[in-house]
Amino acid sequence: MLTKRMFLAAATACGLALGTGPAMASERLDVVATTGMIADAAREVGGELLEVRALMGPGVDPHSYRQTRSDIVAMARADLVLWHGLYLEAQLEEFLLDLAADRPVVAVAENLPRDVLISHEDYADKHDPHVWMDPELWGLVVLNVRDALIAARPGDEAAFRANAEAYLAQLAELARYTDAVLASVPEESRVLVTAHDAFNYFGAAHDFEVVGIQGISTESEAGLRRIGELVDMLVARDIGAVFVESSVSDRNVRALVEGAAARGHEVVIGGELYSDAMGAPGSYEGTYLGMIDHNATVIASALGGTAPERGMQGLLN
Ligand code: ZN
């Protein structure tokens with residue numbers, strides 16, 4: 001774990017000056033975000049006024065991610081660092097809390113109202129961090145991103161507010177689309193089996209039962225007994241599709257498919273979902289809208305519902 005002293009030493013070794021004060025108003029605000037989803041929110045709210053960099057790219061697991069040397073340099077240079085909080089970035093947390101003593105560092109999901117958060121089954125005082133799975137909750141995070149940008153660059157408040165409002169309208173449209181396609185899945189088929197517990201907010205929003213093979217963090221290994229129990233469930237409830245995730249190994253999901261096949265019950269992999277990371281930068285799936293559109297469209301289609309083949313806007317690959 002990098003301590004604050006090590007951070008300062010690394011920053012100095014890289015020739016960076018700390019505490020040089022706010023950038024000139026004409027310069028783009030330099031923002032570093034931990035996850036791609038937060039970076040996307042910052043781009044939507046900040047537009048051309050920002051230079052945004054995400055530390056974690058496609059397929060990267062935030063639960064186990066540790067900062068690299070180039071991440072440290074980027075954060076030391078940034079005008080603003082945005083992270084998720086709620087113990088999502090478990091391995092980065094100590095570093096970010098240290099960094100917050102010197103720099104504007106904001107955890108954008110940390111202050112969501114406790115009554116909208118789902119409790120963590122393993123810890124009484126912790127909550128499930130995967131709030132981006134519900135576009136309405138993500139809208140609250142977008143507002144926190146907006147407020148962090150306003151605090152960092154008060155002169156651009158009007159633009160940040162206008163951009164955020166326009167983006168919230170798009171999120172509302174996304175929520176309407178996901179509600180509609182997921183409501184088309186027959187009630188008895190509303191069971192989502194995935195590699196880890198990333199979809200509890202999705203389940204709560206759309207009345208799906210959600211079963212993750214691993215727990216909320218990917219740090220725990222699913223045991224053979226857990227796999228056996230889930231195979232029993234797939235067979236007993238005649239569930240025909242399970243899903244892999246782009247940021248988690250598909251090994252356990254494949255073990256379920258094989259286990260069910262050995263019992264004479266065919267289960268297919270219904271598709272790959274974006275759970276804790278978005279798709280490739282520059283693609284539609286590399287945006288928050290595309291990520292959630294993809295997930296809802298794939299889930300609805302695989303579980304017997306109806307959804308347009310290329311999603312809400314005809315943009316899915
Ligand atoms: Zn996760």
Side-chain angles (χ1 to χ4, degrees), residues 61 118-122 128 130 132-135 174-218 220-276 279 285 291-312 316-317:
D61 173 5
I118 295 173
S119 293
H120 195 305
E121 63 185 13
D122 299 338
D128 184 334
H130 303 86
W132 57 89
M133 289 300 175
D134 178 344
L174 176 70
R176 280 194 295 276
Y177 171 78
T178 57
D179 285 350
V181 294
L182 292 162
S184 73
V185 174
E187 241 167 76
E188 66 276 14
S189 303
R190 290 186 195 170
V191 182
L192 183 68
V193 181
T194 62
H196 89 297
D197 266 343
F199 291 86
N200 291 323
Y201 291 98
F202 169 94
H206 301 294
D207 200 16
F208 270 58
E209 188 180 335
V210 171
V211 181
I213 305 173
Q214 284 176 308
I216 283 182
S217 165
T218 53
S220 63
E221 269 299 307
L224 278 178
R225 201 176 70 181
R226 174 82 173 144
I227 301 282
E229 285 167 3
L230 290 174
V231 167
D232 288 345
M233 185 206 67
L234 293 174
V235 173
R237 298 182 55 179
D238 195 24
I239 295 168
V242 294
F243 299 86
V244 296
E245 298 176 30
S246 63
S247 55
V248 183
S249 161
D250 63 3
R251 189 167 43 99
N252 288 327
V253 178
R254 292 191 185 282
L256 283 189
V257 171
E258 285 159 22
R263 303 263 301 271
H265 175 62
E266 194 198 351
V267 174
V268 299
I269 292 190
E272 182 181 77
L273 304 178
Y274 297 109
S275 53
D276 289 1
E285 288 82 354
M291 168 195 201
I292 301 300
D293 184 2
H294 168 94
N295 286 350
T297 303
V298 165
I299 291 167
S301 305
L303 294 178
T306 50
E309 198 183 335
R310 300 195 64 199
M312 173 176 69
L316 290 177
N317 287 306

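On a predicted model such as this, the values are computed, not experimentally measured, just so you know.
- Between the side chain of Y177 and the backbone N or O of T297, no donor-acceptor pair lies under 3.5 Å.
- How far CG of D179 is from OG of S184: 11.5 Å, rounded to the nearest 0.5 Å.
- The closest donor-acceptor contact from the side chain of H196 to the backbone of V248 lies at 3.5 Å or more, if one exists at all.
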side-chain contact (heavy atoms from CB on, under 4.5 Å) between R190 and L303, intermediate numbers included: CA-CA 7 Å; R190 290 186 195 170; L303 294 178; over 6 Å; no

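- Between L174 and P135, the closest heavy-atom pair is CD2-CG, 3.9 Å.
- Across all non-hydrogen atoms, the minimal contact from A260 to V267 is CB-CG2, 3.7 Å.
- Rounded to the nearest 0.5 angstrom, D134 CG and N200 CG are separated by 12.0 Å.
- Nearest approach of I227 to A255, heavy atoms of both residues: CG2-CB, 4.2 Å.
- The CE atom of M133 sits 4.5 Å away from the CE atom of M291 when rounded to the nearest 0.5 Å.
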S301/E309 under side-chain contact (heavy atoms from CB on, under 4.5 Å): CA gap, chis, key distance, verdict: CA-CA 8 Å; S301 305; E309 198 183 335; over 6 Å; no

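- Summarising the geometry of T178 relative to H206, their closest heavy-atom pair is OG1-CE1, 3.6 Å, with the distance given to 0.1 Å.
- The backbone N or O of D276 lies less than 3.5 Å from no partner atom in the side chain of E245, so there is not a single donor-acceptor pair.
- Between the R237 side chain and the S189 main chain, no donor and acceptor come within less than 3.5 Å of each other.
- Residues V242 and V257 meet the side-chain proximity criterion, which asks for heavy atoms closer than 4.5 Å.
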Chi angles and distances behind the side-chain contact (heavy atoms from CB on, under 4.5 Å) call for L273, V298: CA-CA 8 Å; L273 304 178; V298 165; 3.9 Å; yes

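- To the nearest 0.5 Å, atoms CZ (F199) and CZ (F208) are separated by 11.5 Å.
- Expressed to the nearest 0.5 Å, how far CD of E266 lies from CG of D238 amounts to 11.0 Å.
- In this structure, the side chains of P308 and V181 come closer than 4.5 Å at one or more pairs of heavy atoms.
- A side-chain contact (heavy atoms from CB on, under 4.5 Å) with V211 is found for exactly one of L256, L230, L192, namely L230.
- Within the 4.5 Å cutoff, the side chain of D232 has heavy atoms near those of the R263 side chain.
- Closest heavy-atom contact between E272 and H294: O-NE2, 2.6 Å.
- Under the 3.5 Å distance criterion, the side-chain polar atoms of N295 are matched with a main-chain donor or acceptor of Y274.
- Of all the heavy atoms in F202 and I299, the pair that sits closest is CZ-CD1, 3.7 Å.
- Side-chain atoms of Y201 and I118, non-hydrogen and from C-beta on, do get closer than 4.5 Å to each other.
- R226 places no side-chain N or O within donor-acceptor distance of the main-chain N or O of Q214, the cut-off being under 3.5 Å.
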